[in-house]
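Everything below concerns the one structure shown next.
Note that ligands are numbered from 1 as they come in the structure, with each ligand's atoms numbered from 1 the same way.
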Amino acid sequence: MIEIPVLIVGGGPSGLMLANELGPRQVPCLLVDAKPSTAFNPQANATQARTMEHFRRLGFAHEVRERGLPADHPTDIAYFTRFSTHELARLSLPTAAQAVRNIRNMGGSWSAAELPHRCSQKYVEPVMRRHAEKWPGNDIRYGWKMTRFVDQGTHIDAWIQPSDGSQPETQVRARHLVGADGPRSAIRHQLGVGYEGATGMRRGYMGGQMFAVYFRSPEVYQRIPHSRAWMYVTVNAERRALLASVNGVDEFAFHAAIHEGEPADDWTAQDARRIVQQTMGCPLDMEVLSVQTWTAGHALVAQSLSRGRVFLIGDAAHLFTPTGGLGYNTGVEDAVNLGWKLAAVHHGQAPQALLDTYALERKPMAQRNTGYSRQFADSVGLYPVTPVLEENSPAGIQARGEAGDYFNAHVRLEFNIPGVTFGGRYDGSPIIVPDGSAPPPDHPNTYQPTACPGGRPPHAWLDDGRSLFDTFGTGWTLLDLGADGAAAQGFVQAAARQAIDLQWVKQSDASLKALYEAPLVLIRPDHIVAWRGHDSGQAQAVLAQVLGHALAGT
Ligand SMILES: Cc1cc2nc3c(=O)[nH]c(=O)nc-3n(C[C@H](O)[C@H](O)[C@H](O)COP(=O)(O)OP(=O)(O)OC[C@H]3O[C@@H](n4cnc5c(N)ncnc54)[C@H](O)[C@@H]3O)c2cc1C
């Protein structure tokens, strides 16, 4: 029998992220995934800036940034009638190389350590896997499935087996089980937890069945007579679709809307060629690597994100329509939230009650983010398209002009989303200490940096070239922005007494104090402001609250 503190079922991005959060905190975990390895299909296309900041905290953002498109490949999003005909709208975005340079001079809503990275999930997962595997306490097993589990109250008993059945079942005894087992989560089903929210939404695009093709063709760029982009979207009355460049050379991810009555589940590689060529508006030589169908039109969140000793993260906990690119990113943030809490409980620094705050904090975020994706899907998918749009006539020219105006506005709504990525907050959480200040309004396209407790700490670049975030600890951080030493000492001593890993970070730049509006700021391991104030008078009580002792009455 294997005895392990945490059993993670699922080695997609959510499960891998959790293993990366537990490894450096010395919490041994066993991760099983039924697939032979990480994802073959491209899947998610966008790593949001906040996810990149978390990858940076863990030390591998630069490796992810090097994956996918070549460093000088544009990441524009552009709209066309067909890919080889009329361009309607475009949002120009920096290449990966420019992103690293530009972010150092950006401010306001994009005051950040990292910009987003447009890269297929299939390239991100191996980086996450390699880093998860480097921690001695992590046992990462692809080609292994969990067959069943029982929550015994005091622990979990589960059984795992190689997916090919080559060995008999092995029993695993874990303190906690994490279901990162995707949208069809057997763990969620066994818990009797359903999804709630909206589903079955119908739209001309991104609402209903979709046909996914992963293909190779060196001809695509030659056939598109427009500036190079990363994502191409068609707007025509016959077939709406998107094409995303996977490697910037010859591999593409393609997703087309299926119409009522089309038997897409039976479609073959031959059909894939037909559908891709229809949206290209010209012949295309291509090698089909995979075809699949999937359903757009969900905005679903599990009724509960935890039960007993079991936690749900990622698609097991919420199901998105991929507009805005929020599904995998929300899963990563689930893992970030749960990771430090499991570690604090495992090391005896916090009571079990701290784990209850995982669902309390993350369910509202899942509802918020699925709501934003739904808003983006409505905006792009409900646009009425008629054949006039493709006519070579004055009416056609006018229709294309109107569509261009519309999609030039839409693309900024869906793809310039600092508010979504940085503005998520845990206001009202019992482990956040409010200070009476009001959080800024939640808006998808603007983010207002604020150290109001409950949100992401404001970012700044330091004189020595480092990101302020690079100075934070792997555990808690006490950001001391000019308090006298004695004020911070109270926190430092209280943390030492409770064996809490607290890094005391002193910064004397007056502009930072103005940005944070207080001389002392307590920042959680997941880079969320837990408390801010002027002295350590309440240090003991603050630490008790932020670690959940107040909830447990300990
Ligand atoms: C077309 C498309 C485009 C998308 N674009 C984006 C985007 O741009 N940005 C974004 O954020 N998201 C996007 N997404 C969503 C994203 O792909 C998913 O949200 C993401 O993969 C979820 O990750 P996960 O780790 O939670 O689950 P998954 O990636 O589904 O991983 C679950 C894993 O659990 C394993 N598993 C299941 N049951 C068991 C078991 N009993 N034992 C062992 N292993 C098991 C499976 O093998 C699987 O590997 C897109 C999705 C689609 C379909």
Side-chain angles (χ1 to χ4, degrees), residues 7-19 30-48 50-51 68 77 116-122 124-125 128-129 140-149 158-163 172 177-190 206 209-214 230-231 241-244 253-257 292-296 298 300 302 312-335 366 369-370 372-373 376-377 414-415 417 420-421:
L7 171 61
I8 304 169
V9 178
S14 308
L16 284 170
M17 190 65 176
L18 185 60
L30 168 62
L31 180 154
V32 289
D33 192 298
K35 298 196 307 301
S37 189
T38 50
F40 169 75
N41 286 312
Q43 290 194 246
N45 303 294
T47 300
Q48 302 295 351
R50 179 67 162 155
T51 302
I77 297 116
H117 184 51
R118 318 285 167 185
C119 173
S120 298
Q121 189 177 322
K122 74 171 284 164
V124 179
E125 287 187 12
M128 298 175 88
R129 176 181 179 177
I140 309 290
R141 299 192 192 188
Y142 283 85
W144 283 72
K145 63 184 176 188
M146 187 195 73
T147 52
R148 59 203 161 100
F149 76 91
W159 286 264
I160 62 168
Q161 188 177 27
S163 302
V172 179
L177 168 66
V178 180
D181 51 345
R184 291 185 189 82
S185 173
I187 295 178
R188 183 170 51 75
H189 284 292
Q190 183 176 326
M206 288 293 171
Q209 202 182 21
M210 302 285 290
F211 182 56
V213 186
Y214 176 29
W230 153 69
M231 184 177 281
L242 77 82
L243 178 76
F254 173 85
H255 300 272
Q292 282 177 302
T293 56
W294 57 279
T295 304
H298 304 300
L300 293 171
L312 300 173
I313 66 174
D315 278 14
H318 36 68
L319 205 46
F320 285 69
T321 295
T323 33
L326 301 178
Y328 124 73
N329 290 280
T330 304
V332 164
E333 291 209 53
D334 295 340
N369 291 359
T370 50
Y372 275 134
S373 290
F376 303 149
E414 185 185 338
F415 290 94
I417 50 172
V420 177
T421 190

Sequence neighbours excluded, the answer for side-chain contact (heavy atoms from CB on, under 4.5 Å) partners of Gln292 is Asn41, Ala212

Residues at least two apart in sequence or cross-chain that pass side-chain hydrogen bond (donor to acceptor under 3.5 Å, both in side chains) with Gln43, listed by chain then number, are none

I'd like to know if the side chain of Arg118 reaches the main chain of Ala46, judged simply by a donor and an acceptor atom lying under 3.5 Å from each other, with no hydrogens or angles considered.
no

By chain and number, the residues contacting ligand 1 below 4.0 angstrom (heavy atoms only) are Val9, Gly10, Gly12, Pro13, Ser14, Val32, Asp33, Ala34, Lys35, Gln43, Ala44, Asn45, Ala46, Gln121, Trp144, Lys145, Met146, Ala180, Asp181, Gly182, Pro183, His255, Trp294, Gly314, Asp315, Pro322, Gly325, Leu326, Gly327, Tyr328, Asn329

Does Phe40 have its ring centroid less than 6.0 Å away from the ring centroid of Tyr214?
-> yes

Q. With no hydrogens and no angle check, do the side chains of Thr47 and Tyr328 hold a donor and an acceptor under 3.5 Å apart?
A. yes

Sorted by chain and number, sequence neighbours left out, salt bridge (charged side-chain N to carboxylate O under 4.0 Å, His left out) with Asp315 holds for none

